[in-house]
Structures are given as C-alpha cells and as structure tokens.
Amino acid sequence: MSAETDLSVALRAPRRTFAIISHPDAGKTTLTEKLLLHAGAIRLAGHVRARGEGRRTQSDWMAIERARGISVSSSVMTFEYGGLVFNLLDTPGHEDFSEDTYRTLTAVDSAVMVIDAAKGIESQTRKLFEVCRLRDVPIITFINKVDREGREPFELLDEITETLALDVSPVTWPVGMGGRFQGCFDLRRNRLLRTEWAREGRFLEVDGIEDERLAAHLPADIRAEFVESAGLASAGYPALDAESYQAGHLTPVVFGTALKEVCVRELLDSLLAWAPPPKAQPATPRAVEPSEPAVTGFVFKVQANMDPNHRDRVAFMRVCSGRFRRGMKLKQAATGKMIAINAPIFFFAREREVVDEAWPGDIIGIPNHGVLRVGDTLTEGADLRFTGLPNFAPEILRRVRLQDPIRAKQMRRALEDLAEEGVAQIFRPIQGSDWIVGVVGALQLDVLRSRIETEYKVAIAFEQAPFETARWATSDDPAALKAFVAAHPFAVAEDRDGVPVFLARSAWDLQRTAQDNTAIRFSATRERA
Ligand code: G4P
C-alpha cells in the first residue's frame with residue numbers, strides 16, 4: 001500500500017477526539033444524547049430510560065441506541081459540528097475505577113467533565129480527573145442541573161480550584177438557579193439563553209450583563225442578582241487562555257442543564273473553539289506525529305460478544321498517523337504478523353455509513369478472532385510500539401471456584417475473553433490449578449461474575465486468596481528469573497502472556513522478597529509488549 005505523500009495528513013480531516021468523565025448520575029447519558037441532537041447527528045431526543053445496575057455494567061450508550069433505534073456503536077460516536085469531526089468515546093459508568101476506563105482515556109485528546117451542581121466533585125469524577133491529569137488531557141467542565149436547587153456557582157468553582165488544583169474560567173453563568181432558574185448567560189458572546197429558547201438554539205444578543213434589554217426577559221430581582229454575581233465572576237476569574245487550557249492548567253466552565261438543553265450548544269462551541277487536535281503519541285523508539293504519512297495505531301479496548309451469537313471480538317484502534325483505508329494490511333508489532341483489515345467498522349451516529357477511510361484521531365473497530373489484544377501496536381511496517389497502556393497491579397486477588405467442574409473449559413474461555421477486554425486480570429499459579437483473578441476495584445468482581453454467568457452460563461464463586469498484591473517479576477538475567485520462579489512455586493503465577501507475577505502475602509512479604517532477590521525487578525505496572 002503506497003504511503004500518503006502529503007505530510008499534513010492530519011490537517012486534511014481535522015478530528016477532535018474526546019470523552020465525557022463524570023460520577024454516575026451526574027448526567028453523562030443525557031448530555032451525550034443532547035450533544036448528538038444539537039450537532040444534528042440524531043433528530044429527536046427523548047428520555048433515555050434504562051437505569052440501575054444492568055445499565056451500569058454495560059455501556060450507557062446502549063440505552064441510547066435502543067431508545068433511538070439508531071445505529072450507534074456502544075463505544076464510539078462520531079458526529080460533525082462546525083466543520084470538524086468529533087469522536088466521542090464512552091467511558092463505562094462504573095463507580096469503581098476500572099482499567100477499561102483508564103485505557104479509553106489514553107485514546108482521547110481532551111475530556112468534558114460533568115459535575116452535578118448539587119453535589120460538586122464526587123469520587124469517580126476525581127479519580128477520572130487524576131487519570132486525565134497524568135496524561136495532561138485538557139478538560140472542559142460542564143456544571144449540570146443548574147435548573148435544580150444546587151450549590152452556589154462560586155462555591156462550585158472554588159471546589160474545582162481547591163480540590164483539583166485547576167484554574168477556572170467561566171464561559172456561561174446561570175441566571176437564577178433551582179426554582180428561580182431562567183436560563184444562562186454566555187459571558188464571552190454576551191447572549192441571554194432562556195430555557196424556553198434552548199431547544200431551537202435561540203438567544204438574545206446584548207452589549208453586556210448590564211444591558212437594559214435584559215429587563216424585558218428577566219424578573220427584576222433575579223436580574224439584579226445575576227448582574228452582581230456575573231459581574232464578580234467576570235472580574236474575579238482569569239480570562240480563557242487557550243494555552244493554559246491545553247496544558248491542563250485551566251478549565252473553561254460551562255454552567256447549564258443537559259435535560260433542558262441550556263448551554264449544550266455553548267459546550268459544543270467550546271469544544272469547537274478549544275478542544276485540541278490529535279497530538280503526538282508516545283512510542284518507542286520515538287513518538288509518532290499525527291502528520292506522518294504512514295498509518296499507525298494502537299488497540300485500547302477489545303470487546304467480546306457484541307453479538308451474543310458469535311464469539312468474535314472487536315478491537316478498537318485509535319489511528320495515530322496516516323490515512324487508513326479499508327483493505328489495508330497492518331503489521332501487529334508484537335508478533336510481526338500482517339493483518340488484512342477488510343471489514344473495519346467506522347462509527348457514525350447517523351445511519352451506518354459506508355466509510356472507506358479513517359484519519360488520525362479516528363477510532364476504527366476491527367473484527368477479529370482474538371488475534372488483536374489491548375495494547376497492540378499496528379503499523380504499515382514501521383518497527384515501533386506505542387507505550388502508555390499499562391496493566392495495573394491488582395489490589396484485590398481472588399481464587400476462582402467453579403461450581404460445576406464439567407464447565408472448566410467454558411470457564412477458562414470466559415476468563416480469557418474477559419481478561420482480554422480488561423474486565424479483570426487473570427493469573428495461573430505455577431503450582432495448583434485454580435485461576436486467580438486480580439482487579440483494582442471491587443465492583444470489577446461483580447461485573448466479572450455476572451458476565452461469566454450470563455454470557456457463558458458458568459456459575460462461579462470467588463474465594464479469598466492468601467495474597468494481598470501482585471508484582472510483575474522481570475530480570476536482565478534470564479537464569480536469575482528462572483531460579484526465582486523455581487524457588488517460589490506457590491507464590492509465582494503467570495499472567496496471560498506467560499510473564500511471571502509474584503503474588504505477595506503482604507507488603508512486608510513483598511519487601512523482604514525484593515531485598516532477597518536483587519536481580520529481580522518487581523513492577524506494579526506492566527506495559528504491554
Ligand atoms: P449518568 O449517565 O451520568 O448516570 O446520568 P443520566 O444522564 O442518566 O442522568 C441521571 C439523572 O439526572 C436522570 O434522572 C436525568 O434525567 C437527570 N438529569 C440529567 N441532566 C439533568 C439536568 O440538567 N437537570 C435535571 N433536573 N435533571 C437532569 P432520573 O430521574 O434518574 O432518570 P429519568 O427517569 O429522568 O430518565
């Protein structure tokens with residue numbers, strides 16, 4: 001396949017790839033739907049009614065898909081707005097930190113953080129924010145539900161500044177809140193956005209917050225309060241500085257209500273104005289620029305059982321450089337194998353469109369039979385590997401007990417499939433036959449069990465394992481590693497790539513073992529080859 005010669009490949013089809021991060025119930029599903037609606041990707045928005053645990057363990061978006069009857073993927077939604085193509089990636093709405101979510105955030109260039117105005121920053125928002133910070137992912141904040149009784153805007157902004165150490169720059173400001181809510185005001189463009197105009201995107205443009213024309217549209221007391229608080233906000237917070245935002249130091253803040261659609265367009269306009277284009281991706285031996293002509297990408301997620309009748313998997317690849325075309329052959333860096341990608345899935349929120357190419361920042365789904373793994377690098381031939389998609393040392397380890405021994409084969413398959421998806425990590429002790437599963441959050445165990453039971457019809461139980469944590473064991477001296485493994489038959493397991501993992505009974509056990517075995521490195525993360 002001939003390489004694209006135009007070096008400005010990424011500039012020819014500008015993409016903005018982002019995710020929405022939030023605590024469950026802050027309004028992510030509602031906002032996603034309204035973003036798609038206002039971008040023109042779907043025609044009618046109604047209520048998405050799919051609640052409770054069933055929804056949480058799957059994708060929030062499947063609910064939208066069912067409710068709308070439109071063909072969207074549960075993982076990626078692509079829409080156009082203002083001449084740009086936006087890829088919105090779903091982050092599963094588990095309460096617990098999950099590796100899957102982390103990995104999805106490695107595939108985005110920016111994020112929208114949704115906060116419930118009554119609750120402020122909640123635990124999950126904070127964890128996801130920390131992941132974004134690690135990777136310098138810039139964030140636009142949407143403070144949702146200002147139509148309900150909530151906390152004062154200043155209090156919410158101060159909480160962001162104090163707890164997340166981020167500068168804030170308000171883009172819109174609520175006019176009344178809770179029962180007195182009238183709408184919002186666009187501070188940059190001086191527009192009154194009344195609730196009843198929101199659906200059609202109407203607004204009143206004025207000369208500033210004190211403009212007398214506002215009097216005709218707002219009760220006097222609410223207007224007076226608004227003029228005072230918006231005046232303080234304009235004077236008291238820094239102006240929006242794109243550089244500071246892109247470096248992850250400042251967050252533009254949009255107050256609004258997803259449900260009533262107030263400021264959904266302002267959020268879209270903010271993304272349009274500031275969300276960064278695809279950036280260079282870390283890789284060895286060198287970073288990869290999106291403007292490079294040859295195609296490269298990495299797999300950040302594998303989804304099994306999208307169709308319950310097939311055991312096929314879809315690997316989600318982020319295109320990092322070049323112009324991908326249907327039918328291309330790409331090399332899997334880990335094995336050197338060339339893989340023909342004849343039936344890639346492209347994601348559009350409208351009817352599934354036939355698309356033949358993808359650009360840097362795009363996500364493509366690659367159906368396969370388990371060849372592609374999370375962390376895989378694919379290239380046109382170049383010998384490089386993307387870095388930064390680690391496995392995390394599990395904090396909870398459990399032995400898997402099969403209820404019906406006849407189902408051993410099915411259980412193995414289930415564990416392998418779900419480990420591939422990143423639902424849990426699996427370890428096979430060198431001695432003994434029980435599988436050990438490792439997770440970083442307790443909810444992952446529930447998800448794992450329920451999926452094994454419903455998708456594979458295998459009943460299992462988790463039992464306490466005598467281990468507290470795990471560390472990948474590596475060494476520059478293969479003989480030393482072999483000797484270490486042989487000397488610890490009951491405390492070493494293999495991960496699913498056959499890499500030895502030391503299972504420690506306690507922090508003290510780990511420390512002592514490390515002291516006694518200086519030729520061995522014990523790592524809390526393992527980057528996929
Ligand atoms: P999530 O994906 O982040 O978990 O949140 P989701 O969109 O499902 O919203 C959680 C609840 O908050 C829903 O109410 C939703 O209608 C409501 N909500 C979202 N945005 C707003 C808003 O701007 N204002 C107000 N007042 N409510 C909002 P629910 O009663 O739990 O479900 P439903 O029966 O309304 O669907």
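Remember, it's 1-based here, ligands and their atoms both numbered in the order they're listed.
- Of the listed options Asp147, Val262, Thr29, Asp147 places a heavy atom closest to atom 24 (N) of ligand 1.
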(request) Could you check Tyr237 against Asp167 for side chain to side chain donor-acceptor pair (under 3.5 Å), going step by step and ending with a plain yes or no? (result) CA-CA 8 Å; Tyr237 293 104; Asp167 286 337; over 6 Å; no
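- For ligand 1, the polar-atom distance check finds no N/O of Pro24 at less than 3.5 Å from any of the ligand's N/O atoms.
- Considering every non-hydrogen atom in both Pro153 and Pro174, the closest pair reads CG-CG, 3.8 Å.
- Considering only heavy atoms from C-beta on, Leu272 stays 4.5 Å or farther from Leu268 through its side chain.
- Within the listing of ligand 1, atoms 22 (C), 23 (O), 24 (N) sit less than 4.0 angstrom from a heavy atom of Thr257.
- With respect to Asp109 and Arg16, no salt bridge is recorded, no charged nitrogen being found less than 4.0 Å from a carboxylate O.
- Remark: ligand 1 and Ala258 share an N or O pair separated by less than 3.5 Å (distance only, no angle test).
- Short contacts between ligand 1 and Lys28, defined as distances under 4.0 Å to a heavy atom of the residue, involve ligand atoms 1 (P), 2 (O), 3 (O), 5 (O), 7 (O).
- Every pair passing ring-ring contact (aromatic ring centres under 6.0 Å, His included) that includes a residue from residues 166-199 is listed here, sequence neighbours excluded: Phe154-Trp173, Trp173-Phe255, Phe185-Phe226, Trp197-His217.
- For atom 21 (C) of ligand 1, the candidate residues are Asp25, Thr32, Leu259, Asp116; the nearest heavy-atom contact is made by Leu259.
- Here atom 11 (C) of ligand 1 lies nearest to Lys145 when heavy atoms of Lys260, Glu261, Lys34, Lys145 are compared.
- Take Phe86 and apply the ring pair (Phe, Tyr, Trp, His ring centres under 6.0 Å) test, not counting sequence neighbours, and it matches Phe79.
- Heavy-atom proximity to atom 9 (O) of ligand 1, evaluated over Asn144, Ile20, Val114, Thr30, is greatest for Thr30.
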